[in-house]
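Everything on this sheet refers to the single structure shown next.
Note that the structure is a prediction, hence the values are computed from the model and not measured. Starting from 1, each residue takes its place in the sequence as its number.
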Amino acid sequence: MEKENIYVLNQEDSIAINNNFIEVKVQNELKKYNIDELKKVSIVTTDKGPFIDDTSLLLQFENSCLIFPSENPLTEIFLFEQLAKFVKIDFEEVIKASSSTDNKEFILYKSLS
């Protein structure tokens, strides 16, 4: 089994959808993922707040995982204005995650394949 690559996007990194590909710029390196390869989208919360960012958007592919801290201004734009056009997002889970103060994962989308 291939080793999983985990990328944490910082303030200077970017993410967008272009021609059915999720394009991520992490530490000045461009990575492209086909939306069809997306396995899971979730919001992960911790009990570390409120003085540090304790919520992250997690995108999981076969051998890669993108962690996008919620304090990045692109997080909401990407999730609600871009990704939601391509996959069915469970908005009830988004609402639950927004009020969570626990260490928990809220699954917004999971591939059937």
Side-chain angles (χ1 to χ4, degrees):
M1 184 172 154
E2 188 176 326
K3 180 183 172 222
E4 186 170 13
N5 297 302
I6 300 173
Y7 303 101
V8 178
L9 285 77
N10 297 310
Q11 291 287 347
E12 61 276 357
D13 298 328
S14 64
I15 188 167
I17 295 177
N18 188 12
N19 294 327
N20 211 42
F21 283 90
I22 298 172
E23 296 181 346
V24 183
K25 186 177 170 189
V26 182
Q27 298 175 348
N28 293 322
E29 184 179 341
L30 182 63
K31 302 189 179 306
K32 292 174 91 170
Y33 302 93
N34 190 309
I35 289 177
D36 296 337
E37 298 171 354
L38 186 61
K39 300 293 182 195
K40 183 169 70 170
V41 177
S42 58
I43 294 176
V44 177
T45 61
T46 71
D47 59 359
K48 305 286 187 220
F51 299 109
I52 64 168
D53 191 6
D54 63 346
T55 305
S56 296
L57 180 65
L58 178 85
L59 304 177
Q60 189 171 358
F61 299 90
E62 186 68 38
N63 294 313
S64 294
C65 183
L66 304 174
I67 301 170
F68 209 75
S70 65
E71 66 185 22
N72 189 309
L74 296 176
T75 302
E76 287 184 24
I77 293 168
F78 174 76
L79 179 61
F80 298 119
E81 296 178 19
Q82 294 181 19
L83 188 60
K85 292 178 182 177
F86 292 89
V87 299
K88 184 171 173 36
I89 300 294
D90 185 341
F91 290 104
E92 288 294 319
E93 290 296 296
V94 173
I95 293 167
K96 290 177 189 175
S98 68
S99 62
S100 176
T101 58
D102 297 323
N103 295 318
K104 193 166 181 182
E105 178 182 24
F106 297 87
I107 298 173
L108 310 183
Y109 165 80
K110 192 165 186 177
S111 171
L112 299 174
S113 59

Worksheet item: Just wondering, are more than 12 heavy atoms of other shown residues or ligands nearer than 6.0 Å to CD in Gln11?
Response: yes
Worksheet item: How far does CD1 of Ile67 sit from CD of Gln60, to the nearest 0.5 angstrom?
Response: 10.0 Å
Anything under 3.5 Å between a donor and an acceptor, one on a side chain of residues 12-28, the other on a protein residue two or more places apart or in another chain? List them.
residue: Asp13; atom: OD1; partner: Gln27; partner atom: N; Å: 3.0
residue: Asp13; atom: OD2; partner: Asn10; partner atom: N; Å: 2.7

Worksheet item: In the single-linkage hydrophobic clustering (I, L, V, M, F, W, Y; side-chain heavy atoms under 4.5 Å), do Ile95 and Leu83 co-cluster?
Response: no
Practice prompt. Kindly give the heavy-atom pair with the smallest separation between Ser56 and Pro69, and that separation in Å.
Written response: OG-CA, 3.8 Å
Worksheet entry | Nearest non-hydrogen partners of Lys85 and Glu81, listed with the distance | CE-O, 3.0 Å
Item to complete: List the atom of Lys104, the atom of Phe106, and the distance in Å for their closest heavy-atom pair.
Response: CD-CZ, 3.6 Å
Worksheet item: CG of Leu59 to SG of Cys65: how many Å apart, nearest 0.5 Å?
Response: 7.5 Å
Fill in: Linked, directly or transitively: Phe78 and Ile107 (ILVMFWY side chains, under 4.5 Å)
no
Practice prompt. Look only at the side chain of Thr45 and the backbone of Thr101, and say whether a donor-acceptor pair between them is shorter than 3.5 Å.
Written response: no
Worksheet item: Are Phe80 and Leu9 grouped together when hydrophobic residues (ILVMFWY) are joined by side-chain heavy atoms under 4.5 angstrom apart?
Response: yes
Discussion item. Pair Leu57, Leu108 - check side chain to side chain contact (heavy atoms under 4.5 Å, CB included), show working.
Written reply: CA-CA 10 Å; Leu57 180 65; Leu108 310 183; 4.3 Å; yes
Which atom pairs, donor and acceptor, lie under 3.5 Å between side-chain atoms of residues 33-44 and protein residues at least two apart or in another chain?
residue: Asn34; atom: OD1; partner: Asp36; partner atom: N; Å: 2.8
residue: Lys40; atom: NZ; partner: Glu105; partner atom: OE2; Å: 3.0
residue: Ser42; atom: OG; partner: Glu105; partner atom: OE2; Å: 2.8

